[in-house]
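The next block holds one structure in the form of structure tokens; read it before the comments.
Just so you know, ligand 1 is whichever comes first in the structure, and atom 1 is the first atom listed for that ligand.
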Amino acid sequence: MRDQASTILGDNAMFNPETNLEGLVNIGTAENYIVFDEVASFIKSHDLGFKGVDFNYGEGPWGSTRLRKAMAKYINKYFHPYLPLEADNLLFASGCPSIFNMLGLTLGDPGDGILLSSPSYTAFPTDFGLIAKIKPIFVSFNRVDQFSPEVVQKYDDARKKAEKDGIRVRALMLCHPHNPLGQCYPKDTIIALMRFCNEHKIHMLADEVYSQSVYEIPDKAATKFVSVLSFDSSEHIDPNYLHFQYGMSKDLACGGLRLGVFHTRNVELMRAMNSITQFHWSGMADERIAITMLEDEQWMEKFLDTSRKKLAASNMLMRQLMDDAGIKYSHGSNAGFFFWVDLSPWLKEEDGKDGWEREEVLMKKLLNNKVFILNGGSQAAEEPGFFRVVFSHDERTLREGFRRLLKTLKE
Ligand SMILES: Cc1ncc(COP(=O)(O)O)c(C=O)c1O
């Protein structure tokens, strides 16, 4: 794992249109590359005002009051919550995986389950499973639109099957906007899922880390983003069963700051989370950078606007390249940094190999040709041959990545 990570993510290995044309083009990892420079120049042009005390333990492992206030203000501005958030309702930890790990430990017992849609963000099973031993229960949709309210039946089928197998279902992950599909859930589907959770005493975990990366593109299937916080949900779900996660990694292009934030109105759950966050303490220097960004509201508005415009342009470019090459991809993707691409026609027949093994073969060939995209097999895809392609890059990187992808498909 470590070896593979340094091949794909190592600085020296990466393609750079200015300095390293031979490097690997990583259009597989979901980061907001397209605005990294905006963040770097903002930070460089600011005196972060570090004092000696900024390198101490701070106020404790839940995020300083100043950071929680700045984040509450940000959420109140951009997520339009029905009930405004207060700094006291927030808990910071060292990234979203820490929050998921803590939720696994506090909401369930080892062997309990969490409902995850197929396909699903690669790390959810590890985040909930590695330490807390919560089992992923992947919901299959058999090509039924998983963003329609009718999909509740599929969640219920998965729940019933799990319970028959002796797994207590404790939570449902609403990854909204969805990773890897890049789509938003319509409000009526969110409500239907809330009612389902409420009926079966299942905690709804809304992961909205891509919510400020929703952009305007001419795609009739695209849905506007509606946060779970933005309407009075108390008639659909007991507020004690609705929880929310966000972080600095995606919209705000700061994956390296390791700052995830959690919100709930469930007092007991917040108390339990607070009691174990010392293993997930974020650094004071990271917090100071985040505070500087969040408190500069004018810069933030411009930054998010630039990010959305750039993402929309890259999304359209990638669609164009796919269309020209006759590659099919999921429609309705107007959020996040990726969409779901069907490369199944290019899985080569090979003796004795099933579809998933042929997908692995294609993945290796792509890596040999120095382009990385993430295969569906590692994202709980329902059928082999699908890949998540990340487009949040400058045009030259995207075109080069796509050139290598096509070259591989033609081999
Ligand atoms: C849906 C989703 N949630 C959470 C995360 C984790 O973010 P981080 O570990 O940077 O906090 C990711 C990262 O890819 C993600 O895609």
Under 3.5 Å, N or O to N or O, is Cys175 touching ligand 1 that way? no
Take atom NZ in Lys69; do more than 12 heavy atoms of anything else shown fall under 6.0 Å from it? no
Are His203 and Leu103 packed together at the side-chain level, in the sense that at least one heavy-atom pair is separated by less than 4.5 angstrom? no
When you check the side-chain N and O atoms of Ser148 and Glu150, is any donor under 3.5 Å from an acceptor? yes
Scan side-chain atoms only and decide if Asn142 and Ser140 contain a donor-acceptor pair under the 3.5 Å cut-off. no
Give the residue, atom name and distance (to 0.1 Å) of the protein heavy atom nearest [atom].
atom	value
atom 11 (O) of ligand 1	Cys96 N, 2.8 Å
atom 5 (C) of ligand 1	Tyr121 OH, 3.5 Å
atom 4 (C) of ligand 1	Asp207 OD2, 3.5 Å
atom 10 (O) of ligand 1	Ser249 OG, 2.4 Å

Location of contacts on Gln245 toward ligand 1, heavy atoms closer than 4.0 Å: neither
Does Lys250 have a non-hydrogen atom less than 4.0 Å from ligand 1? yes
Would you say the ring centroid of Phe138 lies under 6.0 angstrom from that of Phe124? no
Can you spot which of Phe79, Phe262, Phe92 makes a ring-ring contact (aromatic ring centres under 6.0 Å, His included) with Tyr246? Phe79
Under a 4.0 angstrom heavy-atom cut-off, which atoms of ligand 1 come close to [X]?
X	value
Pro97	8 (P), 9 (O), 11 (O)
Val209	1 (C), 2 (C), 3 (N)
Gly95	11 (O)

Test side-chain hydrogen bond (donor to acceptor under 3.5 Å, both in side chains) on Glu383 and Ser344 and set out the steps. CA-CA 9 Å; Glu383 299 167 46; Ser344 59; over 6 Å; no
